[in-house]
There are 2 protein chains.
Amino acid sequence: MRDIADRLGVSSVTVSKALNDKDGVSDELKEKIKVLAVEMGYRYNATARSMKEGLTHNIGVIIPERFTGPTQSFYVRVFQRITRHLEDQGYYGILHILNEEDEEGLTLPKLYSDNKVDGFIVLGQISKEYIELVRSMDVPKMFLDFYDEHSDIDSVVTDNFYAAYELTNVLVQQGHRSIAYVGNLYSTSSIQDRFLGYYKSLLEHRMPMNPDLILNDRDERGTFIEIDLPESLPTAFVCNCDQVAHLLVQKLTSLGIQVPQQCSVVGFDNDIYALLSEPKLTTVEVDVEQMARTAVQSMLKKVDNPNRNFGRVHVKGNIIYRDSVSAAPETLEMQSPTSI
Amino acid sequence: MRDIADRLGVSSVTVSKALNDKDGVSDELKEKIKVLAVEMGYRYNATARSMKEGLTHNIGVIIPERFTGPTQSFYVRVFQRITRHLEDQGYYGILHILNEEDEEGLTLPKLYSDNKVDGFIVLGQISKEYIELVRSMDVPKMFLDFYDEHSDIDSVVTDNFYAAYELTNVLVQQGHRSIAYVGNLYSTSSIQDRFLGYYKSLLEHRMPMNPDLILNDRDERGTFIEIDLPESLPTAFVCNCDQVAHLLVQKLTSLGIQVPQQCSVVGFDNDIYALLSEPKLTTVEVDVEQMARTAVQSMLKKVDNPNRNFGRVHVKGNIIYRDSVSAAPETLEMQSPTSI
DNA sequence: CTGAAAGCGCTTACAG
DNA sequence: CTGAAAGCGCTTACAG
């Protein structure tokens, strides 16, 4: 900047104003300065501004390692959207993959202790203990795609409840009266909320909830376990995620049960498993774009004003209709007397 | 720092030295300062140091968007290793996913124009035009997992040549004499080098190269195409990657050809497709850890001294033996006269 | 419309 | 072993 100023015989203040398009410089001079800057290959020193402002213009994005494995591109996609929105605002996203060791050992990212970021977006459920640690950080933070009832940290989540409710409604409308839910209710808030949406649909249609039709799919550590099918098979399954729906379809098929003719199955997430499955899964697509945008906007407002609070923001999902749902078998028979 | 200094009645210089474990402060005072720092919740301001040093202690990692899709966790894993090694050296990795638009429009990352990083590691093949653009950047840069013959940019790559050579040798040792190579030789340097390793093995064993046995797998834009099998089927296939090997196995199986009994197939990468395949693929595992370590070390040396050059560094891969290879059919018959 | 001065929080080189 | 001074490259508040 000084070099540019010297070459033009003006002060560095003027150059700064021109390059930032601020008032107080004639348009003519501004233009001259900008042209020369490009010519001289000038690159803005963001560090100097950070120093002055006390703001790094970086936001840390924390993703637990277990959500980054093979076949798990979802969070990477979300991260990508986040950075795009951040860049639109002159910010950068710095990805921090939280490994198990640090999560269990309650180690804060060096990003924090080195003052490298102005705030954190945590993308994906972390342990209760780590949530407490995150709370203790003296910067704005928010949770994305999960929340914790005991903390006051702002969060942006898919409207799991309503999406599961609507998806179950679809099954009911197709004549299903015996519908199972597949998922460990104590594992994540997503699974819980999706279950409650399923339950709301049952309630609304005066269908009893049968505890035998709530099927566990994973142990406490999130590892998938064999699904125990009930004695008397339901005609439809609401699965908490596509991967489990995929496993379930495989299991049913291997038992000689046809999907969707004999059993309908729906998933959640619209990830690779929804397409890998045979038949392809009817499922719910998360609105990644909207979630990323909301999280970034809220975060930047919090950076400006640390007292801003947004609470829990729900983003609606979209049902994707594919081939894993059909009318309930009994209904089919009733509807087609020709088959008698 | 000033606050700490004031509370202890010393200067901020002394505090700085103590916190950085430099000479010139008594051990006693150092200890006192460190304790107080923790007590006061002091967080180091990395920005200030950056300002002074003219170094951001950040390294940009550029991954082309097309390598981050579903089922492509490889580069994310590499990124994770890179950041781990960077952190060990007091550095941070900033991920920049290069979207197609920016790659075609030759837009440099804002990370560069904002002086946010001290160097770039490009992870995954980019277009020739973009390579030229990268060259024009006035910071240290290096390529990871690919290289370009026309540029003098340092690179770290898997030793594709030798790994493919060794893998082909394995097939030859199993009695195979008609071995195909599957891959578009004009697509990436990896595919080319793997082909040459395959060719070297043929040469060494005095086996003629049959052009009909070089099978294309993708078009210019990298989209997979249907593989055209030759009239007379070889007894083994060396595929340039696991995904293509997986597709090939599916195709062979659907044609009623048994793998590996009638045809052996080997892949490359040891990714999710190697395990998805039935039978599981014999393949080459890239030494991610070693590649990441080498890239980071070289990069940091270049940051210290921009004139340092490392050229092309090859990292050896490991063959993973699974179930997609068996002895050549004719050999089998010769070996087991009991079957007559 | 233009610029001199101060300051962001560190580190380095030097003096004591 | 300890500290006063200068400086990294910007921006902001103020004076002209």
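These numbers come from a predicted model, not from an experiment. A note on names: the letters A, B, ... follow the listed sequences, proteins ahead of strands, and every chain is numbered from 1.
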Undergrad: Please list, chain by chain and in numerical order, all residues satisfying salt bridge (Lys or Arg N to Asp or Glu O under 4.0 Å) with A/Arg293, sequence neighbours excluded.
TA: A/Glu289
Undergrad: Check ring pair (Phe, Tyr, Trp, His ring centres under 6.0 Å) between A/Tyr112 and all other residues, then give those that pass, not counting sequence neighbours.
TA: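 If we apply the ring pair (Phe, Tyr, Trp, His ring centres under 6.0 Å) test to A/Tyr112, skipping adjacent residues, there are no hits.
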Undergrad: Using Watson-Crick or G-U wobble pairs with both distances under 3.5 Å, give me DNA chain D in dot-bracket, 5' to 3', with [ ] for crossers and | for pairs to another strand.
TA: |||.||||||||.|||
Undergrad: List the steps and the verdict of side chain to side chain contact (heavy atoms under 4.5 Å, CB included) for A/Thr158 and A/Val315.
TA: CA-CA 5 Å; A/Thr158 293; A/Val315 172; 5.6 Å; no
Undergrad: Taking atom CZ of A/Arg7 as the centre, does the number of heavy atoms from other residues, nucleotides or ligands within less than 6.0 Å exceed 12?
TA: no
Undergrad: Does A/Asp118 have any side chain to side chain donor-acceptor pair (under 3.5 Å) partners at least two apart in sequence or in another chain, and if so, which?
TA: A/Thr56, A/Tyr91
Undergrad: Can you list, in residue-number order, the parts of residues 23-38 of chain B that come under 4.0 Å of DNA chain C, counting heavy atoms only?
TA: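 Per residue number, the list is empty: none.
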Undergrad: Which parts of residues 4-22 of chain B get close to DNA chain C, meaning a heavy atom less than 4.0 angstrom away?
TA: B/Val13, B/Ser16, B/Asn20, B/Lys22
Undergrad: Taking it one step at a time, do B/Ile33 and B/Leu19 satisfy side chain to side chain contact (heavy atoms under 4.5 Å, CB included)?
TA: CA-CA 7 Å; B/Ile33 290 173; B/Leu19 258 24; 3.8 Å; yes
Undergrad: For DNA chain C, which residues of residues 41-57 of chain A approach it to below 4.0 angstrom with any heavy atom?
TA: A/Met51, A/Lys52
Undergrad: Just how far is it from atom CZ of B/Arg43 to atom NZ of A/Lys116, taken to the nearest 0.5 Å?
TA: 13.5 Å
Undergrad: Per the salt bridge (Lys or Arg N to Asp or Glu O under 4.0 Å) rule, what does the pair list look like for residues 304-316 of chain B, sequence neighbours excluded?
TA: B/Glu166-B/Lys316
Undergrad: Below 4.0 Å from chain B heavy atoms, what is the first contacting nucleotide of DNA chain D and what is the last?
TA: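 Nucleotide range in contact with chain B: D/dC1 to D/dG9.
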Undergrad: Could you walk me through whether A/Asp193 and A/Tyr147 satisfy the side chain to side chain contact (heavy atoms under 4.5 Å, CB included) test, starting with their C-alpha distance in whole Å, then the side-chain angles of each, then the deciding distance to 0.1 Å, before giving a yes or no?
TA: CA-CA 11 Å; A/Asp193 295 348; A/Tyr147 65 88; 2.8 Å; yes
Undergrad: Can you name the side-chain contact (heavy atoms from CB on, under 4.5 Å) partners of B/Asp102, sequence neighbours left out?
TA: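 If we apply the side-chain contact (heavy atoms from CB on, under 4.5 Å) test to B/Asp102, skipping adjacent residues, the hits are B/Leu98, B/Asn99, B/Thr107.
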Undergrad: Counting only heavy atoms not in B/Lys110, do more than 12 sit closer than 6.0 Å to its NZ atom?
TA: yes
Undergrad: If you compare all heavy atoms of A/Tyr75 against all heavy atoms of A/Asp145, which two are closest, and at what distance to 0.1 Å?
TA: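 Here A/Tyr75 and A/Asp145 meet closest at OH-OD2, 2.6 Å.
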Undergrad: Checking A/His314 now: which residues fulfil side chain to side chain donor-acceptor pair (under 3.5 Å) with it, not counting sequence neighbours?
TA: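 Checked A/His314 against side chain to side chain donor-acceptor pair (under 3.5 Å); zero matches.
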Undergrad: Measure the spacing between CD of B/Glu129 and CD of B/Glu104 and express it to the nearest 0.5 Å.
TA: 9.5 Å
Undergrad: Taking only residues two or more places apart in sequence, or in another chain, which ones meet A/Asn45 in a side chain to side chain donor-acceptor pair (under 3.5 Å)?
TA: none
